[in-house]
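Worksheet for the structure shown next.
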Amino acid sequence: MYLLISIFLFGISVLPHLTRSYLGNGADPGDPNAFFWFLNWWPHAIGHGMNPFITHAVYAPEGINLTTVTSVPAASLVAMPVTLTLGPVAAFNLLMLLAPVLAAWTAFLLCRYVTNSFWPSFVGGYLFGFSTYELAHLTAHLNLSMVFLVPLAVLLVLRYVRGDLGQRAFVWRLALVLFVQFLLSTEVFGTLTLFGAIAIGVAAFGGGAELKRRLKDTGFRIASAYGIAAVAISPYLFYFFKGPVHATNTLYDSDLANFLIPTQITGLGGKALASASAKFAGNYAETAAYVGLPLLVLAVSFVRERRRFAGGRLLSIMLVVLAVASLGSALRIRGLRTIPLPWALVKPLPLIGFALPDRFTLYMFLVLGLIAAIWLATASNTWLSWKKWGLVAAGALVLLPNLPGGFWSGTTNVPPFFAEGMYKTYLTPGETVLVIPAGRPGADSQLWQIDSGMYFRLAGGYLTRDTPRGLLCLPLAKAVLTSDLERYPLGLEAPGELRALLARRGVQAVLLYGELGEPWRPVLAQLGLRGLDVGGLTLYHVPPEMIAPPAQGLLPPPSRCGADVEPLAERPNR
C-alpha cells in the first residue's frame, strides 16, 4: 500500500521515462546529478580495480576523498544491477521511490510492535514515511531520504529491553543496521547515535530499578554492536579520518513558525503562504519542520492522556527535545533570530557539530508516528475513536505534497556531443576537461561523463558545497564555479587569470554550453583559443604550451591556497 502511494504521488511522472527523467527538483539539478555520479562511481571503481574511496575523475588533478562527502556507497552497491543495466538515473529513481515506502514500512513494524494493532500502525508508518521531512529531501537528497534503518534500530532496542530478542541476535542485527546506515549517511548515523543515547538516558532517569538495570545492560550490548560495525567499516574510516571533512552550510535551522506554516512543497502551502515561508532559513529542501495544527493538537492530547505512563512520558519528552534541537543554536521566528538555544553548546563539537538542526525533524516525525499509532490504538469508545481518526486524517491531509509545484520531477540534459558519441572524435581518453559553467550550475557535465563511460576527467565538478581548496583559491575559480558574474565579474585581468587556472588544473579542453557559458567566449578568444561549435557545445582545445610549467608564474603565491581561504559561499535557492 505504501508503494502504491509513492507511485501515485511521485512515480507517475518519472516511471515512463525512467532513464532520462528523475525524481527531484528539475529547477536545481545540482544534488540529483551528484547522486547520479555517486551511484555510478562505486560500481565503476570496483569493476576497474580502482580505489573507490578516492577519485581523480572530478576536481582533477588532485581529486576528492569520497568518504567525506555524501557518496552513499551502500545504496550504490545495492542498486548496482540497475545501474549497470539501465544507468544511474534509473537507479536513482527507483531508490527515491522506495525511500518513503521503506521508511513507512519499518515505522509500521515499530508501531505494530508497540501497539499490536494494524491500522493505527499503518497510519503511524505513513506519517513518518511521507512526512514533511521526507517530502523535503525527496526533492534532492538520496542520502537523507533513505532513513528506513532508524525505526529498525529503535525496534531492535525495544525488543531487547523487553526480553523478546537474545543478546547475540540483538548485537549482530544492530551492528548490521549501524554498518549500513553509516554507508548511507554518516550524518544520520551520528544523529541517530546522539538522540538514541538521549532517549535511553531519559528512559533510565524516569524508570525503576529493574528498567535501569535492563537499560544498563542494553547500553553494553549497543556498544558491542558499534564496535563490530566499526571493524566492518574500518577501511572506510581510515580514509574518512584522513579528511578533510566537507561541512555543509550551517544556515539550516528550523523556524518556530514553520511548525504551523508550510512551505511550497506542501499542498496546503503552495503560493498562498510563499511570502511567509520565504523568511525561513534555508531552501525548501532544508525547511522540513511543518507539522500542522491537527498533529500538534494530537500531540497535546496524547501528553494529557498518557503522561502517567512511562512510555507516554518518554515520547512526550523526546518530542519536545527533538523540536527544540531542530531550532538550532538560536530561536528564529519568521527569520528573526531571538534567544540562544541549547544546540549552541553542541555546535562547536567535532563531527556532530556539522549536523544540520533542521534535519532532526526526521526523529520528531518518528515520535509523532508512534504517538499517533498509540493514541489511535487506545481509544476507549466508538465516539472517541471516530474523533481521533478524524483528527489524524486531517493531520495526514495537511501534509500532502504540492504535486503541481514541480518539486519532484526533472529531466536530464545530455547534448548530442555526448548522447551521439561525438566526443570520441574530438577528445582523447583521460583528457582533463573544464566545462563552463562548472560547479553546481554545471552539474549536468557529471552525467555527460557517466554517459561517456568515464572517458574524460573533469577539472570542476559538484559533489560537495565545500569546494576543494586547490581549486577554490585560484583566480576566477568562483566565477567559473558559480557563474555569478555579478558577484565575481570578469575584469581586464580575466584572460591571464583563466590561463593560470587552466595551467594549474592541466586543462586540455574547454567546453562551453548554454547562456551561462556565453560570457566566456571573448575571454577565451583573448587567449588565442578558437572555438568549434559541435553537438550543442562549443569546444576549445588548449595547446600544450599554454599549460606548460612556465605558465606557473601566473599563479597566485602558495600562501593564498592555504587555510586562510574562505569556502565558496552559496546563497539558498528557493
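Just so you know, these numbers use all the heavy atoms, side chains as well, and skip hydrogens, waters and symmetry mates.
- Counting heavy atoms from C-beta outward, Phe130 and Ser6 have side chains that approach closer than 4.5 Å.
- The six-membered or imidazole ring of Tyr513 lies near that of Trp448, with a centre-to-centre distance under 6.0 Å.
- With ring centers used as reference points, Trp408 lies under 6.0 Å from Phe10.
- Looking only at atom types and distance, the side chain of Thr191 has a donor-acceptor partner in the side chain of Tyr363 under 3.5 Å away.
- Of all the heavy atoms in Gln264 and Phe407, the pair that sits closest is O-CE1, 3.3 Å.
- Taking NZ of Lys478 as the start and CG of Leu476 as the end, the distance is 12.0 Å to the nearest 0.5 Å.
- Residues Leu516 and Pro441 share a closest heavy-atom pair of CD1-CB, 3.9 Å.
- Side-chain N/O atoms of Asp358 and Ser254 include a donor and acceptor closer than 3.5 Å.
- Each of Trp37, Trp42, Phe53 was compared with Ser71 under the side-chain contact (heavy atoms from CB on, under 4.5 Å) criterion, and only Trp42 meets it.
- In summary, Glu62 and Arg505 engage in a salt bridge, as defined by a charged side-chain N under 4.0 Å from a carboxylate O.
- Contact record, Pro357 with Tyr252: CD-O, 3.5 Å, taken as the closest heavy-atom pair.
- Looking at Asp28, Asn33, Thr482 one by one, the single match for side-chain hydrogen bond (donor to acceptor under 3.5 Å, both in side chains) with Arg440 turns out to be Asp28.
- Taking the ring centroids of Tyr423 and Phe456, they lie at or beyond the 6.0 Å cut-off.
- Using a distance-only test at 3.5 Å, with no hydrogens or angles considered, no donor-acceptor pair links the side chain of Thr361 to the main chain of Tyr133.
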So Phe128 and Leu362, side chain to side chain contact (heavy atoms under 4.5 Å, CB included) or not? Walk me through it. CA-CA 8 Å; Phe128 176 69; Leu362 156 67; 3.5 Å; yes
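- Between Arg20 atom CZ and Asn413 atom CG the span is 10.0 Å, to the nearest 0.5 Å.
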Between Thr287 and Thr132, does the side chain to side chain contact (heavy atoms under 4.5 Å, CB included) criterion hold? Intermediate values first, please. CA-CA 9 Å; Thr287 311; Thr132 307; over 6 Å; no
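- For the atom pair NZ of Lys347 and CD1 of Ile352, the computed distance is 13.5 Å after rounding to the nearest 0.5 Å.
- Taking the side chain as every heavy atom from C-beta outward, Met96 and Met146 never approach each other to under 4.5 Å.
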Test log, rule side chain to side chain contact (heavy atoms under 4.5 Å, CB included), inputs Ile265 and Tyr290: CA-CA 10 Å; Ile265 66 166; Tyr290 177 65; over 6 Å; no
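- Aromatic pair Phe36/Tyr22: centroids less than 6.0 angstrom apart.
- We find the CZ-CG distance between Phe418 and Asp451 to be 9.0 Å, quoted to the nearest 0.5 Å.
- Between Gly517 and Pro437 the shortest heavy-atom distance is N-CD, 4.2 Å.
- For the pair Ala443 and Gly30, the tightest heavy-atom approach, listed with the atom from each and the gap, is CB-CA, 3.8 Å.
- Ring pair Phe35/Phe92 is parallel by interplanar angle, where below 30° counts as parallel and above 60° as perpendicular.
- No donor-acceptor distance shorter than 3.5 angstrom exists from the side chain of Thr106 to the backbone of Leu149, with no hydrogens or angles considered.
- Although no hydrogens or angles enter the test, the distance criterion places no donor-acceptor pair under 3.5 Å between the side chain of His44 and the main chain of Asn40.
- In this structure, the separation between CG on Asn258 and CG on Asp253 is 12.0 Å, given to the nearest 0.5 Å.
- Contact detail for Arg457 and Gly430: the closest heavy-atom pair is NE-O, 3.9 Å.
- Under 3.5 Å, the side chains of Tyr462 and Asp31 contain a donor-acceptor pair of N or O atoms.
- Judged purely by atom type and a 3.5 angstrom limit, Ser409 has no side-chain atom pairing as donor or acceptor with the backbone of Gly406.
- The backbone N or O of Leu399 sits nowhere less than 3.5 Å from a side-chain atom of Thr266 that would complete a donor-acceptor pair.
- Looking at Tyr236 and Phe182, their side chains come closer than 4.5 Å, going by heavy atoms from C-beta outward.
- Using a 4.5 Å cut-off on side-chain heavy atoms (C-beta onward), Phe189 and Ile233 make no contact.
- In terms of modelled atom types and a separation under 3.5 Å, the side chain of Asp255 and the main chain of Gly335 share a donor-acceptor contact.
- Residues Gln449 and Val433 fail the side-chain proximity criterion, which asks for heavy atoms closer than 4.5 Å.
- Interatomic distance, CG of Asn51 versus CD1 of Ile54, reported as 6.0 Å (0.5 Å rounding).
- The backbone N or O of Leu18 sits nowhere less than 3.5 Å from a side-chain atom of Ser21 that would complete a donor-acceptor pair.
- With contacts defined as side-chain heavy-atom distances shorter than 4.5 Å, the pair Thr55/Met50 does not qualify.
- Side-chain contact between Phe417 and Thr538 is absent, with no heavy atoms from C-beta onward closer than 4.5 Å.
- Distance alone, capped at 3.5 Å, places no donor-acceptor pair between the Gln526 side chain and the Ala494 backbone.
- In this structure, the side chains of Lys242 and Thr67 stay at 4.5 Å or more apart for every pair of heavy atoms.
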Would Leu502 and Val510 count as a side chain to side chain contact (heavy atoms under 4.5 Å, CB included) if you check the C-alpha gap in whole Å, the side-chain angles of each, and the deciding distance to 0.1 Å? CA-CA 9 Å; Leu502 299 178; Val510 177; 4.0 Å; yes
